[in-house]
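To start, the structure itself, in structure tokens.
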Amino acid sequence: MNEEKKSLNFIEQIIEDDLANGLTQDKLRFRFPPEPNGYLHIGHAASICLNFGLGLRYNAPVNLRFDDTNPAKEEQEYVDSIKHDVQWLGFTWDKELYSSDYFQQLYDWAVEIIKNGKAYVDDQSSEEMALQKGTPTEPGTDSKNRNRSIEENLALFLKMKNGDFEEGSHVLRAKIDMKHVNMHMRDPIMYRILKRHHHRTGNDWCIYPMYDWTHGESDYLEQISHSICTLEFKSHRDLYDWYVDQVYDPAKLRPKQREFARRNLSYTVMSKRKLLQLVEEGIVTGWDDPRMPTISGLRRRGYTPESIRTFSETAGISKRDNVTDVALLEYCIKDDLNKTAPRVMAVLDPVKVVITNYPEGKEEWLTAENNQEDESAGFREVPFSREIYIEKEDFREEANKKFFRLKLGNEVRLKNAYIIKAESVVKDENGEITEIHCTYDTESLSGSGTEASQRKVKGTLHWVSIKHAVKAEVRVYDRLFTEEAPDSQKDKDFKDFLNPDSLTVLEAFVEPSLKEANVLDRFQFQRLGYFCVDKDTTEFHLVFNRTVPLRDSWAKMEE
RNA sequence: UGACCCAUGGUGUAAUGGUAGCACUCCGGUUUUUGGUAUCGUCAGUCAAGGUUCGAGUCCUUGUGGGUCAACCA
């Protein structure tokens with residue numbers, strides 16, 4: 001009953017203020033506007049969760065709008081992946097829209113703007129125009145084409161549209177103010193000539209509208225009430241407003257742009273350019289490499305949509321630059337999987353144990369709970385026999401009292417099975433232990449209710465029966481970079497900080513029940529971590545990805 | 001030598017002029033057939049200096065520090 005009221009973030013605050021000042025709730029409408037030029041990453045997830053979260057909170061529609069105004073970079077493949085990722089995250093958009101849907105409307109409006117004397121065709125080189133643009137501290141100078149007649153502009157713009165000019169030879173510019181303190185207001189380009197095939201409009205157009213000209217008008221057309229973007233667009237706001245002013249009908253809703261800080265994660269990079277570089281240079285295996293901060297990478301790694309939503313919610317939003325500790329993301333997935341992932345046993349670095357007083361040829365199928373955190377998860381049967389594998393690091397010939405695991409002369413419990421005692425070891429010519437000989441307490445079976453079964457021993461180990469074990473490839477991932485903020489180190493390239501050990505491939509043994517596992521099924525390998533079945537799995541070859549290890553306070557004690 | 005944005009524990013955020021709180025991380029205790037989980041606890045913060053006010057993290061001024069802005073990218 002603690003009616004603790006959740007505080008509003010600053011965007012919600014703005015909306016509440018607008019509502020208090022007369023905007024009605026039914027006018028609220030949002031959008032998520034990715035450019036289909038790459039895969040979505042965890043930073044986009046923040047924006048997705050923000051926009052769709054607002055939609056849920058205010059019962060308002062949220063459009064998925066592809067900002068596809070640059071045919072040179074955009075592809076259908078990216079459109080498909082983005083739709084998949086948004087759905088996978090658990091959100092439903094109202095309308096699927098494309099900026100390219102508005103090319104004709106934008107063109108018609110541009111003609112009107114020319115007729116109003118607010119735009120002109122410039123045929124200078126981009127170098128000349130850049131020179132005239134000035135700098136943040138110096139005003140720009142007017143183009144020699146700035147005062148072309150309306151008729152001439154109309155004729156030239158038509159020729160641009162008709163493909164009569166070469167790429168790069170002409171642009172349409174808004175006539176605003178070359179001396180404006182805001183560089184974006186110094187006669188920005190509205191259209192450029194691009195003789196490229198567009199993934200949706202094909203070859204219908206050879207002029208394409210720029211982002212600024214497109215975005216506000218698209219928001220206006222869709223009657224988006226709050227157009228939320230990241231901080232680097234702050235200085236575009238003046239232009240956004242100027243463009244909306246050119247077509248605004250006061251009877252309609254006027255969209256407003258508001259900006260928040262993009263979410264950065266420690267030990268990774270987030271820019272599409274850099275992620276693309278990792279993919280193209282083969283540093284990772286693809287956009288969905290489990291080490292990538294992409295939604296598809298996290299999905300393949302074993303992250304749940306729920307955990308990513310919780311992460312976004314917990315990290316919150318603000319207007320300051322940030323680098324969120326990846327430990328928070330890892331906490332979110334561990335917390336989720338702890339409640340939902342079935343427990344199984346797998347040995348990643350095996351050493352053989354022979355239980356000398358266990359009859360040769362005998363096998364038992366023992367009962368094991370699937371999830372101690374969830375009674376409804378039920379039980380399964382796990383085979384036990386005379387020879388088993390345990391982890392190498394779970395045995396020492398000698399150790400101090402802090403070491404709760406198996407050592408000569410000492411007892412441990414095998415999870416869901418018996419208590420065993422290490423009696424001797426067999427070594428090869430190099431002194432490497434090849435077998436550990438143990439005896440077991442025949443009365444100590446877990447759950448049997450006997451006095452011996454209730455005995456307290458300090459350590460409990462996971463294990464697999466050698467005879468029944470299934471071989472599996474296990475891919476153990478570590479952070480991709482060794483530096484918290486790899487892309488903000490002065491004079492250094494982010495790739496200087498690549499972690500050479502970000503992937504370790506192990507040949508492991510897992511309990512037989514895992515033979516039935518399907519791609520993306522998630523498990524806790526007890527005492528080790530959370531793992532999921534990779535898509536590389538075939539009928540004959542099981543592959544697991546380690547999502548995240550369990551907290552290991554023993555490893556910490558060991559320094 | 002400009003304009004704009006930002007500044008709260010190690011990290012991410014809250015406090016809307018009135019008790020600086022939450023989560024993660026770190027460290028420690030208890031419980032435990034996972035050295036997991038759960039649970040209890042410890043350490044730790046308002047960039048600085050002035051001003052307004054009964055009262056300032058919050059408002060004002062000036063500094064300091066960080067970021068953004070000059071693609072025919074978005």
Side-chain angles (χ1 to χ4, degrees), chain A residues 4 6-10 13 33-35 37 67-70 72-74 122 125-126 129-131 133-140 167-173 180-184 186 189-194 207-208 210-212 214-215 229 231-238 259 261 263 266 272-273 314-332 334-335 338-339 343 345 369 372-373 402-405 412-417 419 446-447 453-462 484 524-529 549-557:
Chain A
E4 196 169 320
K6 213 191 145 292
S7 56
L8 303 178
N9 64 47
F10 81 97
Q13 196 61 247
E35 182 190 13
N37 69 342
D67 222 332
D68 56 348
T69 58
N70 185 358
K73 287 187 179 173
E74 295 149 9
D122 204 340
S125 69
S126 58
M129 288 195 282
L131 237 39
K133 194 118 191 181
T135 71
T137 55
E138 297 163 290
E167 268 191 28
S169 65
H170 294 68
V171 292
L172 182 72
R173 293 228 257 170
H180 203 287
V181 288
N182 185 342
M183 296 288 290
H184 296 285
R186 323 243 259 228
I189 293 172
M190 295 172 71
Y191 278 95
R192 76 286 212 190
I193 298 169
L194 247 28
I207 55 171
Y208 289 91
M210 299 289 287
Y211 164 84
D212 288 297
T214 308
H215 206 91
C229 61
L231 241 33
E232 65 271 25
F233 289 98
K234 178 67 208 292
S235 59
H236 293 241
R237 195 150 116 189
D238 288 342
E259 311 82 12
R263 175 77 34 209
S266 62
K272 273 189 198 168
R273 205 196 92 239
T314 308
I317 64 155
S318 68
K319 291 176 78 168
R320 53 168 155 153
D321 298 323
N322 60 80
V323 181
T324 303
D325 194 336
V326 69
L328 181 61
L329 215 212
E330 292 175 345
Y331 167 79
C332 292
K334 281 188 279 191
D335 191 47
N338 176 48
K339 296 178 199 123
R343 272 58 172 170
M345 292 196 285
E369 60 276 83
Q372 297 87 328
E373 304 294 316
K402 291 272 181 71
F403 187 78
F404 301 160
R405 285 113 104 133
V412 293
R413 171 169 293 282
L414 294 175
K415 180 76 180 168
N416 298 125
I419 293 172
S446 294
S453 75
Q454 324 258 5
R455 281 170 54 209
K456 300 288 177 201
V457 290
K458 199 64 185 164
T460 301
L461 306 186
H462 61 276
E484 230 175 81
Q524 184 193 94
F525 288 2
Q526 289 185 108
R527 301 210 304 133
L528 296 174
L550 255 26
R551 171 180 282 144
D552 189 351
S553 42
W554 164 245
K556 274 177 183 161
M557 273 170 64

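Keep in mind that the numbers below use all heavy atoms, side chains included, and drop hydrogens, waters and symmetry copies. Residue numbers start from 1 in every chain, and the chains themselves are labelled A, B, ... in the order their sequence lines are given, proteins ahead of strands.
In this entry B:rU68 has B:rA3 as its Watson-Crick or G-U wobble partner, both defining distances falling under 3.5 Å. Using N1 to N3 plus N6-O4 or O6-N4 for Watson-Crick, or N1-O2 and O6-N3 for G-U wobble, each under 3.5 Å, B:rC22 pairs with B:rG12. Remark: B:rU42 base-pairs with no nucleotide in the shown strands. Criterion, Watson-Crick or G-U wobble with two distances under 3.5 Å. Under the Watson-Crick and G-U wobble criteria, each requiring two contacts below 3.5 Å, nucleotide B:rG57 is left unpaired. B:rC73 makes up no base pair with any nucleotide shown, lacking Watson-Crick or G-U wobble contacts both under 3.5 Å. Here B:rU32 sits opposite no nucleotide as a Watson-Crick or G-U wobble pair (both hydrogen-bonding atom distances under 3.5 Å).
Side-chain atoms of A:R405 and base atoms of B:rG35 include a donor and an acceptor less than 3.5 Å apart. Looking at A:E484, its side chain has no donor and acceptor atom pair within 3.5 Å of the base of B:rG10. For A:Q524 against B:rU34, a side-chain N or O and a base N or O form a donor-acceptor pair under 3.5 Å. Remark: the A:R413 side chain and the B:rU33 base include a donor-acceptor N/O pair separated by less than 3.5 Å.
A side-chain donor-acceptor contact under 3.5 Å links A:R186 to the backbone of A:T135.
Neither OP1 nor OP2 of B:rC24 sits under 4.0 Å from any side-chain N or O of A:R551. Dashed line: the shortest gap from a side-chain N or O of A:Y211 to OP1 or OP2 of B:rC73 is not under 4.0 Å. The phosphate of B:rG36 has OP1 or OP2 within less than 4.0 Å of a side-chain N or O from A:S553. Contact annotation: A:K319 reaches the phosphate of B:rC6 (side-chain N/O to OP1 or OP2, under 4.0 Å). For A:T69, a side-chain nitrogen or oxygen approaches OP1 or OP2 of B:rA74 to under 4.0 Å. Dashed line: the shortest gap from a side-chain N or O of A:K556 to OP1 or OP2 of B:rG35 is not under 4.0 Å. Under 4.0 angstrom from either OP1 or OP2 of B:rC73 there lies at least one side-chain N or O belonging to A:R192. For B:rU13, the OP1/OP2 oxygens have a side-chain nitrogen or oxygen of A:R263 closer than 4.0 Å.
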Worksheet item: Yes or no on side-chain contact (heavy atoms from CB on, under 4.5 Å) for A:R405 and A:W554, after CA distance, side-chain angles and deciding distance?
Response: CA-CA 11 Å; A:R405 285 113 104 133; A:W554 164 245; 3.0 Å; yes

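The residue A:K339 sits apart from the nucleic acid: no heavy atom pair falls under 4.0 Å. Within the 4.0 angstrom heavy-atom criterion, base atoms lie near A:Q526. Using a 4.0 Å heavy-atom criterion, one finds that A:D321 contacts the sugar-phosphate atoms exclusively. Residue A:H236 is classed as a base contact, given a heavy-atom separation below 4.0 Å to a base. Heavy atoms of A:F525 sit nowhere under 4.0 angstrom from any nucleic acid atom. A:M129 comes within 4.0 angstrom of a base, heavy atoms only.
Remark: the A:D238 side chain and the A:H184 side chain contain no N/O donor-acceptor pair separated by less than 3.5 Å.
Minimum atom distance to the side chain of A:S446 is reached by B:rU33, of the listed B:rU33, B:rU25, B:rG35.
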Output one line per pair: protein atom, nucleotide atom from nucleotides 14-18 of chain B, and distance, for all N/O pairs under 3.5 Å.
residue: B:rA14; atom: O2'; partner: A:S7; partner atom: OG; Å: 3.4
residue: B:rU16; atom: N3; partner: A:Q13; partner atom: NE2; Å: 2.5
residue: B:rU16; atom: O4; partner: A:Q13; partner atom: NE2; Å: 2.4

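By the side-chain hydrogen bond (donor to acceptor under 3.5 Å, both in side chains) test, A:R263 is found to be paired with A:N322, A:T324, residues two or more places apart in sequence or in another chain being considered.
Spacing of C1' atoms, B:rA3 relative to B:rG9, comes out at 33 Å, to the nearest Å.
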